[in-house]
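Following: one structure in structure tokens, then a few remarks.
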There are 2 protein chains.
Amino acid sequence: MVKKKELDPEVQEMARICKALGHPVRVYILQKLAARNTCCYSGDLVDEIPVGRSTLSQHLKELKFAGLIQGEIEPPFIKYCINRSNWEKAKMLFEDLFNPEMDKPV
Amino acid sequence: MVKKKELDPEVQEMARICKALGHPVRVYILQKLAARNTCCYSGDLVDEIPVGRSTLSQHLKELKFAGLIQGEIEPPFIKYCINRSNWEKAKMLFEDLFNPEMDKPV
DNA sequence: ATAACATTTCGTATTTTTGCGAAATAAAGA
DNA sequence: TCTTTATTTCGCAAAAATACGAAATGTTAT
């Protein structure tokens with residue numbers, strides 16, 4: 001009898017990351033940062049994304065809290081970029097999900 | 001001036017999939033189905049997951065709606081398994097996100 | 001037909017997420 | 001110091017997600 005009361009921490013972590021990715025604005029930001037391997041500024045993003053400044057700020061905050069991006073102050077801006085180490089961890093989690101070893105016990 | 005009013009459909013799709021993955025129970029189910037390349041039944045799952053039957057049913061419904069799983073009736077049960085074609089599509093979306101071509105235009 | 005079983009839908013309550021504008025913060029320049 | 005600029009926090013409202021038990025649905029077995 002596998003009467004679990006809580007799900008595996010790895011499962012929790014995966015869900016946490018996916019939740020952070022679960023909004024078009026946040027996907028857009030991550031896609032941009034990941035693809036160009038560069039950084040961006042809140043002020044630039046607000047011209048490309050259909051949300052107000054404060055809302056965008058909240059999305060950035062969430063991505064930061066989830067560990068997927070990091071921001072450093074570069075006056076007069078705040079420069080955001082991918083948090084590489086966590087990004088790699090997330091990448092591996094997704095790779096495990098989509099390319100699992102098929103020989104697990106029943 | 002790239003004054004977008006709506007984000008790219010691909011971005012929307014990605015967010016939709018991530019949202020479906022953004023809950024521990026749903027991650028658990030998908031992980032199980034993907035890893036063992038097999039099917040499962042609502043009645044079995046309810047013993048491993050700390051939620052009630054109706055709640056589990058809703059999560060399954062959401063995964064089905066998102067296209068990630070499919071259910072077929074196999075009386076007296078309903079057998080759920082991965083929707084392989086959509087699963088491959090999702091896999092590719094994540095691969096693109098994590099392994100982007102770095103030579104995109106600025 | 002009716003009883004038993006597996007699962008879903010319904011109604012509802014609680015919590016979380018999303019979004020905005022106004023006000024706050026912080027730093028740079030006049 | 002007083003603006004200006006860039007961004008965040010606050011306070012709030014609206015919408016969506018989560019969870020549950022009760023009732024409904026549909027199927028199999030008696």
Side-chain angles (χ1 to χ4, degrees), chain A residues 3-7 11-30 32-33 39-81, chain B residues 3-7 11-30 32-33 39-81:
Chain A
K3 193 69 176 184
K4 277 193 190 172
K5 269 296 151 221
E6 250 186 63
L7 294 173
V11 169
Q12 305 270 355
E13 172 71 0
M14 189 72 183
R16 228 176 43 76
I17 293 169
C18 289
K19 199 143 110 184
L21 273 158
H23 190 286
V25 166
R26 298 195 292 266
V27 169
Y28 179 91
I29 294 168
L30 284 174
K32 182 166 186 163
L33 292 182
C39 299
C40 68
Y41 304 92
S42 176
D44 298 339
L45 286 171
V46 88
D47 292 327
E48 318 168 25
I49 297 178
V51 289
R53 285 170 194 282
S54 60
T55 306
L56 175 58
S57 185
Q58 278 193 131
H59 285 303
L60 288 167
K61 187 177 165 189
E62 250 180 281
L63 288 173
K64 204 162 64 177
F65 182 74
L68 296 173
I69 66 170
Q70 55 197 309
E72 54 184 293
I73 297 162
E74 197 184 76
F77 306 105
I78 295 182
K79 190 175 70 177
Y80 287 102
C81 45
Chain B
K3 193 70 178 184
K4 277 192 191 171
K5 271 295 151 223
E6 249 186 64
L7 293 174
V11 169
Q12 305 270 354
E13 172 71 359
M14 188 72 183
R16 229 175 41 76
I17 292 168
C18 290
K19 200 142 109 181
L21 273 158
H23 190 286
V25 167
R26 297 196 292 268
V27 169
Y28 178 91
I29 295 168
L30 284 173
K32 183 167 185 163
L33 292 182
C39 300
C40 69
Y41 305 93
S42 177
D44 297 339
L45 287 172
V46 89
D47 291 327
E48 318 169 24
I49 298 179
V51 290
R53 284 170 197 284
S54 59
T55 305
L56 175 59
S57 185
Q58 278 192 131
H59 285 303
L60 288 167
K61 187 178 165 188
E62 250 180 281
L63 288 172
K64 204 161 65 179
F65 182 74
L68 297 172
I69 65 170
Q70 56 196 309
E72 55 184 292
I73 296 162
E74 197 184 75
F77 305 105
I78 296 182
K79 190 176 68 176
Y80 286 100
C81 44

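Here is how names work: the chains are called A, B, and so on, in the same order as the sequence lines, proteins then strands, and each is numbered from 1. Since the structure is predicted, the reported quantities are computational estimates derived from the model, not experimental observations.
With sequence neighbours excluded, no residue forms a ring pair (Phe, Tyr, Trp, His ring centres under 6.0 Å) with B/Tyr80. Applying the side chain to side chain contact (heavy atoms under 4.5 Å, CB included) rule to B/Ser42 yields the partners B/Leu56, B/Leu60; only residues at least two apart in sequence or on another chain are considered. A/Gln12 meets the side-chain hydrogen bond (donor to acceptor under 3.5 Å, both in side chains) test with no other residue; sequence neighbours excluded. Every residue meeting the ring pair (Phe, Tyr, Trp, His ring centres under 6.0 Å) condition with A/Tyr41, not counting sequence neighbours, appears here in chain and number order: A/Phe77. Under the salt bridge (charged side-chain N to carboxylate O under 4.0 Å, His left out) criterion, B/Lys32 pairs with B/Glu48, not counting sequence neighbours.
Dashed line: the shortest gap from a side-chain N or O of B/His59 to OP1 or OP2 of D/dA19 is under 4.0 Å.
Protein atom OH of A/Tyr80 is 15 Å distant from nucleotide atom P of D/dA6, rounded to whole Å. Spacing between atom CZ of A/Arg53 and atom C1' of D/dT9 amounts to 16 Å, rounded to whole angstrom units. The distance between atom CG of A/Asp47 and atom P of D/dT5, rounded to the nearest whole Å, is 15 Å. B/Leu56 has its CG atom 13 Å from the C1' atom of D/dT18, to the nearest Å. To the nearest angstrom, P of D/dA19 lies 13 Å from CG of B/Leu60.
When each of A/Thr55 and A/Phe77 is assigned the nucleotide of DNA chain D bearing its nearest heavy atom, the one mapping closer to the 5' terminus is A/Phe77.
Contacts classified as ring pair (Phe, Tyr, Trp, His ring centres under 6.0 Å) and involving residues 45-73 of chain B (residues at least two apart or in different chains) are given here: B/His23-B/His59. Within the structure, salt bridge (charged side-chain N to carboxylate O under 4.0 Å, His left out) pairs that include any residue of residues 57-69 of chain A comprise A/Arg26-A/Glu62 (at least two apart or interchain).
Protein chain A contacts DNA chain C over a range whose 5' and 3' limits, counting nucleotides with an atom under 4.0 angstrom from a non-hydrogen atom, are C/dT17 to C/dA28.
A donor-acceptor contact under 3.5 Å links the side chain of B/Gln58 to the base of D/dA19.
Expressed to the nearest 0.5 Å, how far CG of A/Leu21 lies from CG of B/Leu21 amounts to 9.5 Å.
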With sugar-phosphate taken as primed atoms, P, OP1 and OP2 and all else as base, the protein-contact string of nucleotides 22-30 of chain D at under 4.0 Å (heavy atoms; B, S, -) is B----SS--
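Contact check for A/Ile49 versus A/Ile29: side-chain heavy atoms found under the 4.5 Å cut-off.
Contacts of B/Ser57 with the nucleic acid, taken as non-hydrogen atoms under 4.0 Å apart, include base atoms. Among the protein residues, B/Lys19 comes within range of the sugar-phosphate backbone only, with heavy atoms under 4.0 Å from sugar or phosphate atoms but none that close to a base.
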